[in-house]
Amino acid sequence: MNRIDARFAQLKAAHRTGLIPFVTAGDPSPEHVVALMHALVEAGADLIELGVPFSDPMADGPVIQHASERAIAKGVGLADVLGWVAEFRQRDADTPVVLMGYLNPVEIHGYARFAREAVQAGVDGVLLVDCPLEESAVLASLREAGLRQILLAAPTTAPARMAALCESAEGFLYYVSFAGITGAGRLSTSDIAARVADIRAHARTPVAVGFGVRDAQSAKAIAAFADAVVIGSALVERLAGADEEGEIAARARAFLEPIRTALDAP
Amino acid sequence: MSTIDDFHAWPDAQGRFGNYGGSYVAETLIAPLAELTEAYLRLRKDPAFIAELDRDLTNYVGRPSPIYFAERLTKHVGGARILLKREDLNHTGAHKINNTVGQALVARHMGKTRIIAETGAGQHGVASATVATRLGLECVVYMGAVDIERQKANVYRMKLLGAEVVPVTSGSKTLKDALNEAMRDWVTNVADTFYIIGTVAGPHPYPLMVRDFNAIVGREARAQMLAQYGRLPDVLTACVGGGSNAIGLFHAFLNDRDVRIVGAEAAGEGIATGHHAASLAAGRPGVLHGNRTYVLCDDNGQITETHSVSAGLDYPGVGPEHAFLKDAGRADYVGVTDDEALEAFHLLARSEGILAALESSHAVAQAIKLAREYPKDGIVLCNLSGRGDKDVHTIAEREGVEV
Ligand SMILES: Cc1ncc(COP(=O)(O)O)c(C=O)c1O
């Protein structure tokens with residue numbers, strides 16, 4: 001069974017809300033990505049979203065843009081990211097890893113080659129922000145290799161299309177809490193609760209909610225109606241500038257642990 | 001040459017030109033793009049809309065623009081006759097206004113109250129600010145910090161026209177980053193905002209819509225050729241940044257298989273130096289800004305920084321229809337260096353009394369090369385996409401002259 005599906009099955013059995021941190025691979029330090037991933041798991045991550053840096057991150061706000069720029073400036077590329085996942089897998093066989101990013105690095109790497117190497121490295125799914133359902137034929141080789149294609153749904157998504165997304169979802173469906181870019185922080189839980197409840201009733205998969213989740217309080221509010229919460233920009237911001245392994249891991253834990261605690265509180 | 005029967009049949013309903021184009025955008029933009037596509041496909045067939053657009057093009061833009069026989073330039077070169085399609089004579093000084101007048105009308109029909117745009121050279125920003133203020137719409141223009149520095153006059157023009165110019169400091173701080181930032185604005189303000197993209201790039205329906213609005217250039221030129229010369233030209237040429245003035249000229253001629261088509265990309269300091277913006281001549285298929293096309297990127301898929309003396313050609317992608325025409329063998333795309341463009345700029349200024357935009361000077365340089373390949377009774381039709389007033393400071397600086 002794919003690790004993503006297994007993990008969500010466990011969460012459901014335990015009546016727990018999933019916690020999904022996002023970090024940009026290679027930021028704050030390309031040397032300590034694997035250590036950072038382990039620290040996230042120790043602090044309570046159920047699944048890790050690893051951002052593949054891209055030069056033109058159209059859907060991202062300044063925090064993740066700058067993290068990508070810093071990683072690219074240090075020479076980080078897709079091959080490095082796959083290498084880090086493989087290294088992470090030597091000590092963690094269970095925590096699902098989803099690569100999140102944009103299509104061009106995968107297109108240039110070659111879809112079939114990427115699919116083979118990603119599965120071999122221990123990647124479980126991909127979320128390619130600029131590859132909507134209509135264009136996802138290009139990802140056929142990824143799906144055949146067993147990678148889950150994580151789809152996004154948004155407040156602007158029309159009802160008929162939402163039905164199609166619910167039907168095609170694999171792994172989990174990622175609901176973007178507001179129309180905007182990552183890190184903008186316009187979260188309004190009352191607006192989205194009903195919509196997410198409706199999506200959960202129809203989707204073939206669990207539903208994760210992201211964008212605008214910054215801390216224990218906002219995570220807890222989302223947990224009231226979602227299967228999992230995704231936290232990106234606030235974590236990336238907290239990690240920025242740390243360069244030693246101990247410091248990076250300590251910041252990751254200090255950020256994530258209170259959120260885990262809040263999610264698990266009755 | 002090619003297996004395509006009808007070049008006018010593209011794009012298909014998904015916005016694809018063969019393997020290129022499409023709509024590679026985040027989920028949030030799917031609905032606004034669908035709304036735009038629906039509105040535009042309706043308006044492009046609506047006689048009232050077409051009449052409204054024609055009136056604006058005639059009375060506000062100043063169309064039709066003439067085709068002008070550059071006789072002294074032709075004599076100097078000693079080859080085929082060089083004809084210039086004078087888009088530099090349009091209101092605001094470039095072809096860009098053809099598109100912004102059209103999109104502004106679409107925006108008004110859709111009830112949008114706020115216009116955003118990206119700009120490189122500032123020509124599209126000025127053309128957007130112009131139409132926005134004329135329709136009483138708010139206007140925000142995103143412009144790379146590097147481009148703001150080299151196109152100061154246009155920045156001031158936009159401000160005079162009431163637009164807010166927002167400097168973009170991410171990435172390479174040029175046109176591609178301005179486009180990213182405008183997309184981010186749009187995704188955040190989709191309800192009231194209309195994004196006027198300035199070239200035939202972006203997701204469907206932009207490559208179609210921007211091409212349609214610029215295709216007036218080629219339709220006029222084709223009719224003018226037949227009326228004044230009784231024949232079509234041997235070869236067309238235009239500069240290619242994103243490709244809007246080029247597809248504007250080329251489109252009406254695409255099914256005239258005897259008319260050769262050559263696009264001039266910015267070869268900067270020379271393609272071999274790596275400092276250029278020749279996406280078609282030196283790039284590879286990839287995905288950028290919502291469409292599949294030729295892009296300049298490294299082996300990690302990171303879009304590379306481009307170089308051209310002309311800000312308007314400094315773009316690492318290109319409209320998907322050009323990628324399609326290249327692969328179909330219908331058009332060739334070649335590089336013209338900064339130095340060649342500058343030389344053509346001066347030659348045109350001194351022989352014809354026309355200061356061409358640096359972008360357009362690339363086309364003039366290519367027209368000169370092509371003229372040498374044809375006999376004296378041949379005709380090269382060159383799109384003079386814009387006037388050079390905006391560039392005089394850049395040229396003076398480059399040549400060490402105090403203004
Ligand atoms: C005068 C002029 N020509 C050409 C261009 C390049 O754009 P495109 O390739 O879309 O025509 C620009 C862009 O700013 C321009 O100002």
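Below, chain A is the first sequence line, B the second, and so on; all start at residue 1.
Residue contact with chain B, scored on non-hydrogen atoms closer than 4.5 Å, involves the backbone and the side chain of A/Glu134 alike. Heavy atoms of B/Ile30 lying under 4.5 Å from chain A belong exclusively to its side chain. With a threshold of 4.5 angstrom between heavy atoms, A/Leu128 does not approach chain B through any atom at all. Neither the backbone nor the side chain of B/Thr304 comes within less than 4.5 Å of any heavy atom in chain A. Neither the backbone nor the side chain of B/Asp185 comes within less than 4.5 Å of any heavy atom of chain A. Only the backbone of B/Asp299 comes within less than 4.5 Å of a heavy atom of chain A; no side-chain atom from C-beta onward does.
Under the 3.5 Å distance criterion, with hydrogens and angles disregarded, no donor-acceptor pair is assigned to the side chains of B/Tyr195 and B/Gln103. Side-chain N/O atoms of B/Glu265 and B/His276 include no donor and acceptor closer than 3.5 Å. For the residue pair B/Asp314 and B/Ser308, no side-chain donor N or O sits within less than 3.5 Å of a side-chain acceptor on the partner. A donor-acceptor contact under 3.5 angstrom links the side chains of A/Asp60 and A/Tyr102, judged on distance only.
When A/Ala158, A/Cys131, A/Pro57 are compared by the number of non-hydrogen pairs under 4.5 Å with chain B, A/Pro57 comes out ahead. Heavy-atom pairs under 4.5 Å with chain A peak, among B/Cys297, B/Ser172, B/Ala26, at B/Ala26. If you tally non-hydrogen atom pairs under 4.5 Å between each of B/His289, B/Met183, B/Glu181, B/Lys176 and chain A, the highest count goes to B/Lys176. Your options are B/Val25, B/Asn189, B/Val295, B/Leu288, and the one with the most heavy-atom pairs under 4.5 Å with chain A is B/Val25. Highest contact tally toward chain A, considering only B/Ser23, B/Ala31, B/Gly22, is held by B/Ser23 [criterion: heavy-atom pairs under 4.5 Å]. Put simply, of A/Ile108, A/Thr157, A/Val76, A/Asp56, the one with the most heavy-atom pairs under 4.5 Å next to chain B is A/Asp56. Options A/Val52, A/Leu152, A/Asn104 differ in how many heavy-atom pairs under 4.5 Å they form with chain B, and the most are formed by A/Asn104.
Between A/Phe211 and A/Phe178, the two ring planes are perpendicular [angle over 60°; tilted spans 30° to 60°].
Taken to the nearest 0.5 Å, the CZ atom of A/Arg116 stands 8.0 Å off from the CZ atom of A/Arg113.
Salt bridge A/Asp227/A/Arg200: present, at least one basic N to carboxylate O contact under 4.0 Å. A salt bridge does not link A/Lys74 with A/Asp80: every distance from a Lys NZ or Arg NE/NH1/NH2 to an Asp or Glu carboxylate oxygen is 4.0 Å or more.
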Going through the checks in order, is the ring-ring contact (aromatic ring centres under 6.0 Å, His included) test met by B/Tyr294 and B/Tyr20?
CA-CA 9 Å; B/Tyr294 278 75; B/Tyr20 301 101; 5.7 Å; yes
